[in-house]
Each structure stands twice: as structure tokens, then as C-alpha cells.
Amino acid sequence: MAKSLIEELPRIVSEGRREAAQILERLSSGTQIGLQTNELVLPSKDVNGLFKGSAPQIPNAFNMAGGNGEWMNRLIYGDNLLAMQALLAGDAQTGLPSLRGKVDLIYIDPPFDSKADYRTKISLPGTDIQQKPTVIEQFAYADTWEEGTISYLKMIYPRLALMRELMSNESCIYVHIDWHIGAYVKTILDEIFGKDNFRNEVIWQKIRTTKAQSNSFGNVHDTIFCYSKTVNTNFKNIYVPYSEEYIKSHYKPDKNGRMYTDVSLVQKGQGEPRNFQGKIIAPPSGMHWIWSQENIDKAFRDGRIMFNSKGTPRKVQYLDEMEGDIVSDLWNDIYPVNSQAKEDVGYTTQKPEALLERIIKASSNDGDLVCDFFGGSGTTAAVAERLGRRWITCDIGKPASLVMRKRFIDQEVKPFLYQSIGDYQKEAFRNNKRYKHVGDLSQVVLGLYGALPFTPEQTNDRNFGYIKGTRTLVMVDSPNRLTTAATIRKAVEAKASLLGGDWEKVVVLGWNFAFDISQAIQKYENSNVEVLVIPPDLLDKLAKKGFKKLIDDKSVRFSSLQYLVAKPLVVKQNGDQDEIDVELENYVLLSPDNIPLDDKDKEKLQQVLERDPLSLIEYWSIDPDYDGVTFRSTWQDYRENTENDNDPLHCVYKTRLRVPKKAHRQVCIKAVDVFGFESQVVESV
């Protein structure tokens, strides 16, 4: 028998409160989640064709905090629960203080259909493939709907609680939802924000026509719940122009052709008679004149009072002085995004900019901070930027993050940070119930790879093992850190010394990797070292299936890293400038077996890999003055940028950068493929 939602609500609330309290307690204890800055993006897309790109000069004062502590907008890839914890803690690396009580407006559009198919269509030369959600997304989504609406409410409660912590006392939150779970989410919102702070239930008519239904009326609307944090909310009325029909029926021209109408001068509440140019006129019973005698006299001098056919004084109201109709809670004047719209970015659940423009104008001021923790296509941030607001947007989906990044560059937004959760696997390891020590987990990973652990008598380091019957050494890195060049060096040293050395090969199994890991692999390419990726869903699989079942069904696969190959840079001096020719040569992707695709799409991908590997590059960017720490994306090109080559399925793969002359510089080239995998190459010139 299915669980009763009413009976489960107290448990959902209790667990949600406890989870939120534990998160906040962890923050106060100094155990904090960090944000990892992948890029400082200075939008400068290549639009001038080959060898015409010119990298902008970055002012010397421009640092990670934006120069002199200025604000930097942020696009964050990762679980919003972790992202909000990081924002509540503050981001010391980029000079961001805690945002507790600092956010002025939140809009979220969380997924609300348990049967939705969130596959992403990827168009490649000669074929289309459907990418399933990444393993992280799959498990997040499976957890969200495991028990249907009950699981959904368990997911949303702590997130809404953290959003409330981020909100300022004058702020509002808008929660966009539909009929699947709207009523239940409102119950949770009442619990977290208080019924007295419920401001509106907005009905947005998203569909204009509907097909006949066999047993119900067609569903044509979404619901947007608006709550404030306190009674002192920041809100401004929004107006829309009068319709032509309304103007024609209510307004007429005066002798000068100026359109006007006449409106009542009385309101409810008994009042005294007034003098209207010598006529003493009493208001109707139970009513009073809205103006004092002084204002009535002034209105006559200004030509603002007229008498109707019954001799009743009326106020003259000119059309050009009116703001229009005041917007109510029924929004039927905003249409959904269609495929021909200029703002369409090809994202399934994209919301129209007009919708967010209305919300942002109503509940924020110029310079306010607007956040969207289910960023999707990036509409909230795009509109916030256009309206002069600051913004932070976040999404757990890699495709969404790629869509947003390109959208912001297209819009030529101010420089922004592209960040991710720095300790994603570390958090997954911390929250798992089965393995409490890194050494225990390493032993499990060794077994899944097919390696045997060493005995304590052989070595105290439980991260090492070997392949039986071979001279192959296996090293498992910790989920608590990035696998870097130092890790590879340690493995090579162990190959030469562990248990007398004489190992023919060493295999390094890692969870998360530094962006320059491919350079480290190339550095040690003659040392017979192989670096493989531990599946990012392994901890989830272990929790759901257990070690023995994973061994039996052989479903755990360790994949090779992808890497980018660039041709040697060509540098020419031209006066006080360096001209740097940059050209991509090849892209090597990890096995299609390790990408969330159906079998037929894996075959299609393999064909593309063989004939046109660079077509898998979704975007690439260049930092001509890489400091080894922060990648400053000062030049970009990406698929769909057709202003240079009219080819939506390929980037341009070479360009010439014109930058200030330097005796020595490091040039960093970064590429992200259509699946969201990142690679980079660093060249010294």
C-alpha cells in the first residue's frame, strides 16, 4: 500500500529541518565546502573569422574578486545544496564574504515532472545523438523521485530552508511549479516562510490552445508562488499598456487631439458637499469627494474637471499620463519560448525572458543580487544582467551549464566566474554510510578493478595493490583530493621502489583531476604509467547494489582520460604586440562506453571520433597570460557561433591573438566537449 502523503508530511518536515540544521551547524564549526574556480570568463567570442581574434587586455588591478573587491557574477556547476552551503560560508579564494542575509531576490524553477525525459539532443556532423543525464544527474534525479512526491518534498525542504538563510529581510522568493506537486510544495513553503509571508499565487498561462481531453480539462498554466522573508518586502507594481480595444472604447480626443477619458471623483465613506465653480454638490449617499476644496479649485484651473450629461463632476484623465493596466496575479500576456524566437537556446524547459523581467522588476532594485539555484537555460541571470542586477546561477546539469556559459558570452555580459563544487566526491564520501576510512574505500576500488591489496606486512599504505600474475602496480587516489602531477610522480616513484621495485607498469585510479593532468601524463609517458577515471557514480552504486553484486555483474568500468592536442604555437613580434597563432590539432575522448548513451548512439559517436574528432569540441578558450592558478578566458569560440564561419556544428580551430609584448608567457588552451568533459594544454613561449 502506498504511503499516505498527509501521514508522511510530519516526517518530511522533521527530517528536512534536521538536515538544514546540521548543514548550518557544520558551517559554524568551520567545516566548509569550497568553490573551485574553473574560469574567469571575459566574454570575447571570435566573430571575425580566422586569424582575426584579438584578446582584450586585462587591467592589472583585475583580480579574482573583480579588482578592488568589486562584485563578480557567478555560474556554478554542481548540486545546489552544496553550492548554497559554499555561499553561506563565503568563498575566501575569490574574496566573497558569506552571503547569509545578502540575497535580494530568488527565483527557482525546479523539475516538477517525475516522468519527464531529460535527455539532451546533440547535433554532430552527419548525425544526432541523445545524451542521457550524467551519472551525477541520474542519481540526483533518481533520489528526487524514488518515492514519488514524498522524495521530491524531502529534496526541496532543506534547499528552501537554505534559500531562506541567504535571503535579506526585504527579499522575496518565487517558486515556479505546476499541477504535479504545486499544492504540496505550498505546504512546505508555508512551513518554512510562514503563512503570513505568502504574497501571491501567480497563474501563468503558458499555452494558448489545448487538445480535447478524455476525462479532464486541458492544462494550460503553471503556478508561481511568491513568499517574502518578512512583512517589509520590496515590491513595486508592474503595468502593461492598455489594449487598442480598451483605448478605443474608453478614450476620445479633446479639441487638441489629445486622448482622454473621465473617471469618478468619489470613493466610499460619507463626506461633505464641495463647491464646483459655484455649484454646491453633495456626493452620493455613503460616498465622499476624493479631493479637498483646494484641489478641486486647482483642478478647474488646470482643466481637469468636466461635467457629464447628468451634471456630475468627473476627473479628466489623459492617456499619455497613464502607466497602463496594473498587473494582477493572472498572467496571460506572456507567451512561452518558441523555436523561432531570438532568445531560444534549445533548452527544453526554457522560460521566456518577459516572465523573469516582470518578476525581477517587481521585486528588486538596480544593483540587487538575484539568485537562481535551478539555473536551467540561464534566463534569470541573463535578464538580471540586462536589468542591471548582480546574479548567481547554479545547475547540477552539465548541459545546462554549457548552455548558460554560451548564452552569457553571446549576450556579452560583464566578466563572470565559472565555478564548480570543489569537493564533490569528498562530500559524497563523507555522506556515505558504508565506508568511513579512505583506506577501506581504496581496498574496495582495488577489488572492483581486479587488483589484490598488499598485506599489512608488505606495506602500510592501503591505497596500493597489484594485478595477480603480472608486474602491474595499482594505486587508488583519495576522493578527498584532486589527482595532480604530484600524484603521478608518487606513483612512478612507487613503481621504482615499492617492495624492491621492478614493477613493469603502474596504474593510477583517480576520482577528480587537476585541469593540467594531461600534461603530467605526457611528462611521464616513458615511465609506463596509466591514469584511469574511477566512475563518478561508484559510491552511489556501492550504496544501492553492494560490492559483491558489482563484482558479479562487472558493471564498473574505469575509463581513460580525454585530452586535447594543440599544434606548436607560432609567435611573431609586431611593434609593441605579440601575435600568437593558436591551432587545435586533435581531441582524444575517453571510450564511448563510459558516456551515458544508448548503444546505437555509441556507434554513431565512434564514427564521429574516427572521422572528425575536433567536432566534439563544444567550446574552447584561451588565456594568453596563464598564471598557473586562475584560467582567464579572454578569447572564446563555440559551436553555434556562426558569425565567423556559418557552421553551427564546428568551432573555428585556429586564431591569432594580439596581446601586449612579453619576454616570456604561458598560454593555456582549454576545451570542453559536447558531454562536458574538460581538457587543457599549457604552452610556454
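In this pair, F416 and F408 present their aromatic rings perpendicular. The plane angle is above 60°, beyond the 30 to 60° band.
Annotation: side chain to side chain contact (heavy atoms under 4.5 Å, CB included) contacts of D222 (sequence neighbours excluded): F112, H176, D178, W204, K206, K351. With sequence neighbours left out, the side chain to side chain contact (heavy atoms under 4.5 Å, CB included) criterion links T223 to I177, E201, I203, H221, F225. For F373, there are no ring-ring contact (aromatic ring centres under 6.0 Å, His included) partners, not counting sequence neighbours. In this structure, the side chain to side chain contact (heavy atoms under 4.5 Å, CB included) partners of Q205, at least two apart in sequence or on a different chain, are R208, V220, N332. Under the side chain to side chain contact (heavy atoms under 4.5 Å, CB included) criterion, A362 pairs with Y174, F235, I238, sequence neighbours left out. Legend: residues meeting salt bridge (charged side-chain N to carboxylate O under 4.0 Å, His left out) with R389, ordered by chain and number and at least two apart, are absent. With sequence neighbours left out, F198 forms a ring-ring contact (aromatic ring centres under 6.0 Å, His included) with Y227. In terms of the salt bridge (charged side-chain N to carboxylate O under 4.0 Å, His left out) criterion, residue partners of D91 (sequence neighbours excluded) are, by chain and number, R74. Not a single ring-ring contact (aromatic ring centres under 6.0 Å, His included) links Y157 to another residue, sequence neighbours left out.
Between E353 and R386 a salt bridge is recorded (basic side-chain N to carboxylate O distance below 4.0 Å). Contact check on E8 versus R11 returns a salt bridge, with a Lys/Arg side-chain nitrogen under 4.0 Å from an Asp/Glu carboxylate oxygen.
Residues N73 and W71 bring a donor and an acceptor atom of their side chains to less than 3.5 Å of each other. Judged purely by distance below 3.5 Å, without hydrogens or angles, the side chains of D673 and Y619 never pair a donor atom with an acceptor atom. Counting only N and O atoms by type, the side chains of Q419 and T37 include a donor and acceptor under 3.5 Å apart. Counting only N and O atoms by type, the side chains of Q636 and R405 include no donor and acceptor under 3.5 Å apart.
The side-chain contact (heavy atoms from CB on, under 4.5 Å) test with M84 is passed by exactly one of I392, V103, I23, L162: L162.
Within 6.0 Å of the OH atom in Y335, the count of heavy atoms belonging to other residues, nucleotides or ligands does not exceed 12. Within a 6.0 Å radius of NZ in K236, more than 12 heavy atoms belonging to other residues, nucleotides or ligands are found. Around atom OH of Y418, more than 12 heavy atoms belonging to other residues, nucleotides or ligands sit under 6.0 Å away.
Using a 4.5 Å heavy-atom threshold, the side chains of L35 and L87 count as touching. Using a 4.5 Å heavy-atom threshold, the side chains of P43 and V413 count as touching. Counting heavy atoms from C-beta on, the side chains of I156 and P110 come closer than 4.5 Å.
Applying the salt bridge (charged side-chain N to carboxylate O under 4.0 Å, His left out) definition to pairs two or more places apart or across chains, those involving residues 359-381 are E357-K361. Sorted by first and then second residue, the salt bridge (charged side-chain N to carboxylate O under 4.0 Å, His left out) pairs with a member in residues 151-169 read D79-R159, R100-E165, E147-K154; sequence neighbours excluded. For the salt bridge (charged side-chain N to carboxylate O under 4.0 Å, His left out) condition, the pairs that include at least one residue of residues 179-191, sequence neighbours left out, are R17-E191, K186-D190.
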